[in-house]
Each structure stands twice: as structure tokens, then as C-alpha cells.
Asker: 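I'd like to ask some things about the structure below.
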Amino acid sequence: MKDAARVRLYLNTVRHLKAVQIRYQIKNRIAKKWKAKAGKPVHGRRLPVPEHCRIHLVIPQLDEADEYLEGFQTDTLFHGEVNLLYEKHALAWEVSEASHLWNYNLHYLEYLIPLAVKYKKSRDMRYLEKWREIMYAWLDSGSSAPDAFEPYTISMRIPNILICLELLGQDAGAGLEKELYASLWQQYRYLLQNQELALLANHYFENLKTIVLCSLVFDRQDVYRNYFRLFLEQIHEQILPDGVHFERSIMYHKIILEDILRVHTALHRAGRRAGAEKLAAAVRKMADALYGLEYGFGRTPLFNDAGDNVSRKAGHLLSAAEKYCGWKKENKRKTVFPYAGYYRLDNGNTAVLFDCGDIGPEYMSGHSHNDCLSFELAVEGRCIFTNSGTGEYQGSRRQFFRSTSAHNTVMADDREQSELWGEHRAGRRLRNIRAVTKGMAAAGEFYSYEGDFFRRRMAWKGSILQITDIIRSHKKGVCTARQFFHLAPGYHYERKGHVTAVSDGNRIIAEITAPRFSDIKIHTDGPLAAYAGEFGKFEKKEVLEICMQFEGSIRLDAAIKIAETKKGAYDW
């Protein structure tokens with residue numbers, strides 16, 4: 001990239017940031033260089049530990065659910081290995097060959113919760129002894145690893161340690177417990193001085209959540225009053241009026257929902273009912289949104305950065321929201337989320353989630369994808385047409401998974417919707433986003449950052465989902481309109497002229513009718529066929545690409561006919 005183009009790219013990225021982010025970006029870079037030169041430990045000197053008290057964070061619907069516990073292969077821990085995000089390494093506190101994300105997860109220590117739960121349920125000493133062994137090892141050497149004292153890592157780890165201590169009770173051991181609270185105090189004090197104001201959004205939210213919890217543990221009333229107020233302000237800012245988290249990732253929506261549930265649990269059981277009720281209202285609002293967004297898809301819908309093995313399961317979160325915050329499941333689910341830009345089109349046992357929203361909050365677009373006008377479609381609780389997922393935050397595949405062609409949308413030539421670059425950056429963005437919905441139809445439109453215009457209308461007519469795309473190119477000359485239809489792994493395309501069948505190997509699930517005179521390609525290999533429904537797990541999928549050449553503008557009419565489905569409701 002030429003110097004002038006790089007300067008423009010940086011300027012178009014920085015101009016969307018808040019002043020506080022720019023200030024702290026500069027401050028952090030200077031501090032990082034100073035620490036590297038000084039060679040001092042990142043967590044600083046040890047401080048005297050005040051009296052502490054136990055708080056209650058355990059939510060059985062989340063922490064003791066079999067499906068959650070099975071997600072961690074605790075047996076590998078007994079062989080000196082840890083398996084995270086489908087990647088296994090010998091248990092060490094800095095694994096150079098693993099990604100930054102994997103090392104972060106290593107230091108979250110969440111994989112110790114299943115050990116504590118299994119000991120609580122079985123009283124098998126092997127689980128307690130392994131938990132104590134790993135905990136001592138982390139205190140001895142893990143806490144000085146580079147990723148251990150990152151503010152986000154601290155924010156995720158402290159609640160996990162507190163959950164373990166609550167599950168184990170006195171069996172954790174007085175000596176180890178004393179060392180742990182000393183470490184928690186040091187981590188908390190470091191976090192007070194190092195919140196992620198350079199990033200804000202979900203990172204800052206995690207910082208505030210953990211500071212509020214620690215202010216209860218160490219009985220810091222002044223800190224509690226100040227940071228609970230900030231926590232409420234961030235809830236107001238980050239939870240849109242339609243109940244969706246403002247980063248438009250359903251995975252992060254669930255993570256933030258769990259955070260609020262945890263703080264609510266701690267406040268409610270500590271007798272702070274007024275604060276707890278304020279959080280309960282936010283939980284109910286987010287639970288309504290989650291019920292409308294995910295029900296019937298069988299897993300986390302893959303819009304923006306998302307995977308199905310990071311956040312807690314929707315059914316478990318809603319069960320907790322119902323029990324502890326008074327959320328009630330309504331027979332009529334929400335289907336319109338105008339602030340987030342999501343629209344649901346249900347037809348019997350077929351669910352469609354259509355995206356016509358912004359890439360995320362203007363000042364934080366690190367988790368954004370080029371997925372405007374994309375959709376996911378599920379039949380009988382199983383996702384058939386899917387976006388490609390995320391898979392990783394660092395690596396060569398990151399660029400593809402954020403690209404327009406990785407989603408069930410439309411594009412002109414190879415031009416992207418927004419200028420997404422690096423691992424978590426966005427320069428120029430799509431604009432003039434509009435959407436309308438009525439009955440069994442929804443339509444949306446936008447201009448890409450280069451000036452191409454796109455409009456898509458999706459409407460049910462009986463068992464047929466009609467998809468009409470209009471494209472106006474900002475470039476003169478011949479262009480190629482491209483529609484993408486990505487299948488979930490396990491489904492396959494069978495060509496029959498301009499009608500392409502979708503099969504699961506046993507029966508025809510759907511048929512796609514392409515526009516007349518279009519070229520049809522089926523991709524079964526190569527970058528376009530990559531799929532990552534979970535972080536760290538990469539599979540192949542089949543992709544139908546419909547192409548038509550045009551000059552100026554074009555209209556494309558495609559249709560998806562759904563085969564007859566079973567009657568009755570589906571489950572999560």
C-alpha cells in the first residue's frame with residue numbers, strides 16, 4: 001500500500017473514534033514503550049490486602065448445565081494439556097505457537113469451573129486436587145505471563161475465580177483462598193488504573209462489571225457508587241432501544257447479558273434490591289431480544305463476529321433470566337429490531353433473519369463484518385443457509401470472514417460494502433442505510449463506501465421466499481452482479497438447470513431458482529467454501545454464486561422454495 005493511501009486509511013479510521021479513545025491510544029502506546037524499557041512487572045508492587053467477603057455469582061442454569069460442562073474437555077487437564085477453541089497445548093502460561101485469542105482464553109481460567117462443579121457433584125478428590133494444582137501453578141508463574149494482566153483478561157478471569165471459590169466453599173483450602181484473595185485484590189487495583197478507554201464498547205463494559213463485583217468483595221463503597229453508576233450508563237449506551245447489544249453480534253449480546261445477570265445475582269443476594277431491579281429491567285429487555293433473534297436457529301446466528309462456542313447458550317440464559325429477573329416468555333416473539341437492523345420473517349417452521357443495519361457503533365467497529373442485506377434461514381430448528389462465521393481474530397483467514405462474499409448478500413464485482421482492514425479496523429463505511437417491513441416482507445437498502453447502491457427485498461409467498469436485488473454501480477462500463485447463497489455444512493447443492501436443489505443427503509430441503517440468463521457457480525473448495533461456526537473449528541461448505549453482467553443498474557430475481565416441513569414447534 002502506498003504511503004498516501006495508508007495515511008488516508010488511518011485518517012478514515014481515526015475520524016470515527018471518540019476523543020477519549022484517541023487520548024488513551026496515545027497514552028497506552030507511550031506507557032507500553034516505557035514499561036518495555038524499564039523492564040518492570042506489569043502488575044506493579046503488592047499491596048496490603050483488606051478484609052473481604054464472599055459474594056454470590058453462581059447461576060446453576062449457566063454454571064452447572066451439562067451442555068456447558070461438556071464444552072470443556074477436563075480429561076486433558078489430567079494429562080497436562082489444555083484444550084481450548086479446538087486447539088490443544090501442553091499446559092504452560094505462555095504458548096508462543098498459539099494465537100493471542102487462545103492465550104487470552106488460557107488466562108481466563110474458565111476451564112477450572114467444570115472441575116469445581118464436578119467436585120461439588122461427585123466429591124471425587126481428583127477434581128479438587130487438579131483444581132488446586134492448576135490454581136497454585138497460575139499464582140506461582142501464570143500471573144506474570146504477558147497476557148495475564150491485560151485488563152480484558154483480568155475482567156474475564158476474576159468472576160471465574162470467584163465462581164470456583166463459591167462452588168468449592170471451604171474445600172478450596174484456607175491457605176489457597178488467602179493467596180487467591182491477595183491476587184484478586186492486586187488484579188482489581190490494577191484494573192482500577194487500567195480500564196480500556198482506548199477501546200470502550202464490550203471491553204470497557206467487562207472492566208466495569210468486574211470492578212463493581214470487586215467493590216462488593218472488598219467492601220469499597222465509594223468505588224461501588226461511582227462504578228455502578230458508570231455500569232448503568234454503559235448499559236444505557238450499549239443496549240439499543242430494541243434490546244440488542246450495539247455491536248450487532250448476537251454472540252456478544254449473550255456475553256453482555258450474562259455479565260448483567262452476574263452483577264444482578266451478586267447485588268440481589270447482598271440485599272441491594274434497588275440496584276438489582278435496575279439490572280433486572282435490562283436483563284428482561286435483552287432476553288426479549290435474544291428470544292426473538294435466536295429462537296428456531298439451533299445456534300448463534302453468524303452476523304458480525306460470532307461463534308457458537310464462546311457465549312452461554314440462549315436457552316440457559318433465558319432460563320436464568322426467567323428465574324432470577326422475572327422475564328416471561330411471550331407467545332408472540334419480537335420480530336422487528338429497527339435500531340440493530342435485524343428483521344425476522346417466519347413462515348411455519350421456517351425462520352429467516354435478515355440484516356439491514358449498521359456495522360456497529362461508530363467508534364467501535366472492530367467486530368464488524370460486511371454483512372448488510374445478508375440473511376440466515378433455518379428449517380425445523382436447523383440452519384440451512386448460513387453466513388460463514390468468524391473462526392479467529394488473528395490469522396490469514398480473518399479478512400475473508402469479514403468480507404462481503406462470506407455472507408448471504410449481494411455485491412458488484414469485488415467491491416466491499418465497507419473498508420474493513422487489519423484484524424479489527426474499519427475505515428470508510430456504508431451509508432444511508434434504510435429498511436422497512438410489512439407483514440411477510442422486509443426490504444433494505446444502502447450505499448457502499450465507494451458509492452454503489454444496493455436494495456434487497458425478501459418476501460414470503462406461500463412456501464417460496466422471493467428475493468429481489470437492485471444494484472446501481474457507481475462505475476462506468478460493464479460490472480458483474482454477484483449473489484451468494486452459503487449452505488451450512490452437511491447440506492449440498494444439486495444442479496438442475498436454473499433450479500438448484502438443496503439436499504441433506506436424504507431428501508430435498510429447498511430449491512433455488514436463479515434469474516434468467518445468469519451464470520451459476522457452485523463452490524465446494526477454496527477460500528469461499530470456508531466455514532467457522534465456532535471459534536477454532538474450520539470446515540467446508542458449499543456456496544452457490546449467481547452472476548450477471550450489467551451496465552449502470554440491474555434487477556435480479558431469485559427464489560428459495562422450501563419443501564414441506566413438519567408441523568409443530570421446534571426447540572432451541
Side-chain angles (χ1 to χ4, degrees), residues 12 248 302-304 337-338 340-343 345 352-360 362 365 368-377 385-388 400-420 426-438 441-459 465-486 512 514-521 528 543-560:
N12 283 317
R248 279 85 165 173
L302 303 178
F303 297 92
N304 282 336
F337 304 90
Y342 288 120
Y343 302 88
L345 298 171
V352 172
L353 191 60
F354 176 52
D355 177 16
C356 185
D358 211 339
I359 61 175
E362 183 178 9
S365 50
S368 59
H369 285 204
N370 279 318
D371 57 8
C372 197
L373 304 187
S374 68
F375 71 94
E376 292 202 342
L377 183 151
F385 292 96
T386 177
N387 294 311
S388 297
F400 163 71
F401 283 113
R402 297 182 80 194
S403 71
T404 305
S405 61
H407 303 86
N408 291 316
T409 188
V410 62
M411 69 188 302
D413 292 332
D414 293 315
R415 299 193 291 277
E416 299 288 351
Q417 298 177 356
S418 295
E419 194 175 30
L420 306 185
R428 291 170 290 176
R429 293 105 188 268
L430 74 176
R431 63 185 188 275
N432 296 351
I433 308 161
R434 296 184 180 88
V436 294
T437 181
K438 184 178 180 181
E445 64 184 41
F446 70 91
Y447 284 86
S448 73
Y449 79 94
E450 290 188 87
D452 296 317
F453 172 80
F454 298 90
R455 188 177 195 275
R456 167 168 281 187
R457 182 178 186 271
M458 304 186 76
L465 181 65
Q466 297 176 327
I467 302 173
T468 301
D469 287 319
I470 295 173
I471 305 174
R472 291 201 301 268
S473 173
H474 81 286
K475 293 182 67 175
K476 293 182 179 181
V478 177
C479 296
T480 301
R482 305 168 70 193
Q483 293 174 312
F484 299 96
F485 297 87
H486 297 255
I512 299 178
R516 293 183 64 189
F517 311 117
S518 59
D519 293 325
I520 298 174
K521 305 174 186 176
L528 199 60
V543 185
L544 178 69
E545 181 181 0
I546 298 173
C547 302
M548 285 187 73
Q549 291 190 329
F550 72 101
E551 290 188 61
S553 64
I554 191 172
R555 169 175 169 156
L556 302 171
D557 290 296
I560 301 175

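We count residues from 1, following the sequence as given. Computed from a predicted structure; not experimentally measured.
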Asker: Just checking, any donor-acceptor pair under 3.5 angstrom between side chains of S448 and Q417?
Answerer: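 Side-chain D/A pair, S448 to Q417: absent.
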Asker: From R431 CZ over to S418 OG, what is the distance, rounded to the nearest 0.5 angstrom?
Answerer: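 Here the interatomic distance stands at 10.0 Å.
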Asker: In the structure I gave you, are the side-chain heavy atoms of I471 and F550 within less than 4.5 Å of one another anywhere?
Answerer: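 Counting from C-beta outward, I471 and F550 do come under 4.5 Å.
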Asker: Rounded at 0.5 Å granularity, tell me how far CZ in R455 sits from OG in S553.
Answerer: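 So the gap between those two atoms works out to 13.5 Å.
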Asker: Can you find a heavy atom in the side chain of N370 that is under 4.5 Å from one in the side chain of L420?
Answerer: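 The answer is yes, as the side chains (C-beta and beyond) meet within the 4.5 Å cut-off.
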Asker: I need the S374 OG to N387 CG distance, nearest 0.5 Å.
Answerer: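 Reported value, rounded in 0.5 Å steps: 4.0 Å.
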Asker: Using a 4.5 Å cut-off on heavy atoms from C-beta on, say whether the side chain of K521 contacts that of L544.
Answerer: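 Contact flag for L544/K521 side chains = no.
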Asker: Under the 3.5 angstrom rule, does the side chain of S473 hit a backbone N or O of K475 as a donor-acceptor pair?
Answerer: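 Side chain of S473 to backbone of K475: a pair is present.
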Asker: Ignoring hydrogens and geometry, is there a side-chain-to-backbone donor-acceptor pair from T480 to M548 under 3.5 Å?
Answerer: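 The answer is no, because no donor-acceptor pair under 3.5 Å joins these two groups.
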Asker: Is the shortest side-chain heavy-atom distance between E445 and C356 below 4.5 Å?
Answerer: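 Answer no - side chains too far apart.
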Asker: Mind listing the closest non-hydrogen atom pair of C479 and R415 along with its distance?
Answerer: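 Between these two residues, the closest heavy atoms are SG-NH2, 3.9 Å.
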Asker: Between V352 and L465, does a side chain to side chain contact (heavy atoms under 4.5 Å, CB included) hold up when you go through it step by step?
Answerer: CA-CA 9 Å; V352 172; L465 181 65; 4.0 Å; yes
Asker: Which residues pass the ring pair (Phe, Tyr, Trp, His ring centres under 6.0 Å) test with F400, sequence neighbours left out?
Answerer: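 By the ring pair (Phe, Tyr, Trp, His ring centres under 6.0 Å) rule, F400 matches no residue at all.
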Asker: Would you say the side-chain atoms of S368 and N304 include a donor-acceptor pair closer than 3.5 Å?
Answerer: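 No, N304 and S368 have no side-chain donor paired with an acceptor closer than 3.5 Å.
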Asker: Partners of E545 by salt bridge (charged side-chain N to carboxylate O under 4.0 Å, His left out), sequence neighbours excluded?
Answerer: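 Residues passing salt bridge (charged side-chain N to carboxylate O under 4.0 Å, His left out) with E545: R482.
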Asker: Would you find a donor on one side and an acceptor on the other, under 3.5 Å apart, between the side chain of H369 and the backbone of S403?
Answerer: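 No, because the side chain of H369 does not come within donor-acceptor range (under 3.5 Å) of the backbone of S403.
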Asker: Spell out, as yes or no, whether a donor-acceptor pair under 3.5 Å connects the side chain of E416 to the backbone of T404.
Answerer: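 Indeed, once roles are kept as given, a pair shorter than 3.5 Å links the two residues.
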Asker: How many angstroms lie between CD1 in I546 and CD1 in I512, if you round to the nearest 0.5 Å?
Answerer: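 Answer for the CD1-CD1 pair, I546 versus I512, is 6.5 Å.
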Asker: Do side-chain atoms of E376 reach the backbone of L302 as a donor and acceptor pair under 3.5 angstrom?
Answerer: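 Pair found, side chain donor or acceptor close to backbone of L302.
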Asker: Which class fits the ring pair F485 and F385: parallel under 30°, tilted 30 to 60°, perpendicular over 60°?
Answerer: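 F485 and F385: perpendicular rings.
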Asker: Evaluate salt bridge (Lys or Arg N to Asp or Glu O under 4.0 Å) for R555 paired with D557, printing each intermediate quantity in order.
Answerer: CA-CA 7 Å; R555 169 175 169 156; D557 290 296; 3.0 Å; yes
Asker: R472 and D452: salt bridge (Lys or Arg N to Asp or Glu O under 4.0 Å), yes or no, with the steps?
Answerer: CA-CA 6 Å; R472 291 201 301 268; D452 296 317; over 6 Å; no
Asker: Please say whether more than 12 non-hydrogen atoms of neighbouring residues, nucleotides or ligands are located less than 6.0 Å from CZ in R457.
Answerer: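 Not more than 12 within 6.0 Å, no.
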Asker: Looking only at non-hydrogen atoms, find the nearest pair between P515 and A558 and report the distance.
Answerer: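 Distance-wise, the nearest heavy atoms are CD-CB, 4.3 Å.
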Asker: Check whether any side-chain heavy atom of L373 lies under 4.5 Å from a side-chain heavy atom of F354, and answer yes or no.
Answerer: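 A side-chain contact under 4.5 Å exists here.
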Asker: Report yes or no: does H486 contribute a side-chain atom to a donor-acceptor pair with the main-chain N or O of S405 at less than 3.5 Å?
Answerer: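 Checking the backbone N and O of S405 against the side chain of H486, a donor-acceptor pair under 3.5 Å is found.
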Asker: Under the 3.5 angstrom rule, does the side chain of Y342 hit a backbone N or O of R248 as a donor-acceptor pair?
Answerer: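 Yes: the side chain of Y342 pairs with the backbone of R248.
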Asker: Which of these passes side chain to side chain donor-acceptor pair (under 3.5 Å) with Q483: D469, T409, N408?
Answerer: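 Going through D469, T409, N408 one by one, the side chain to side chain donor-acceptor pair (under 3.5 Å) with Q483 is satisfied by D469 alone.
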Asker: Start with the C-alpha gap between F453 and F446, add the side-chain angles, then the distance that decides, and say whether ring pair (Phe, Tyr, Trp, His ring centres under 6.0 Å) holds.
Answerer: CA-CA 6 Å; F453 172 80; F446 70 91; 8.1 Å; no
Asker: What pair of heavy atoms forms the shortest contact from L430 to D358, and how long is it?
Answerer: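 Closest heavy-atom pair between L430 and D358: CD2-OD1, 4.0 Å.
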Asker: Looking at side-chain heavy atoms only, is the closest gap between L353 and D355 below 4.5 Å?
Answerer: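 They are not in side-chain contact.
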Asker: When rounded to the nearest 0.5 angstrom, what is the spacing between CG in D413 and CE in M411?
Answerer: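 CE of M411 is found 8.0 Å from CG of D413.
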Asker: With heavy-atom distances below 4.5 Å as the criterion, would you say the side chains of F375 and R456 are in contact?
Answerer: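 In short, these two side chains touch, coming nearer than 4.5 Å.
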Asker: If you measure from CG on L556 to OG1 on T468, what distance do you get to the nearest 0.5 Å?
Answerer: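 If I round to the nearest 0.5 Å, the distance is 9.0 Å.
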Asker: Does any non-hydrogen side-chain atom of S365 lie less than 4.5 Å from one of R429?
Answerer: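 They are in side-chain contact.
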Asker: Do the ring centers of F454 and Y447 come within less than 6.0 Å of each other?
Answerer: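 For F454 and Y447, the ring centres are not under 6.0 Å apart.
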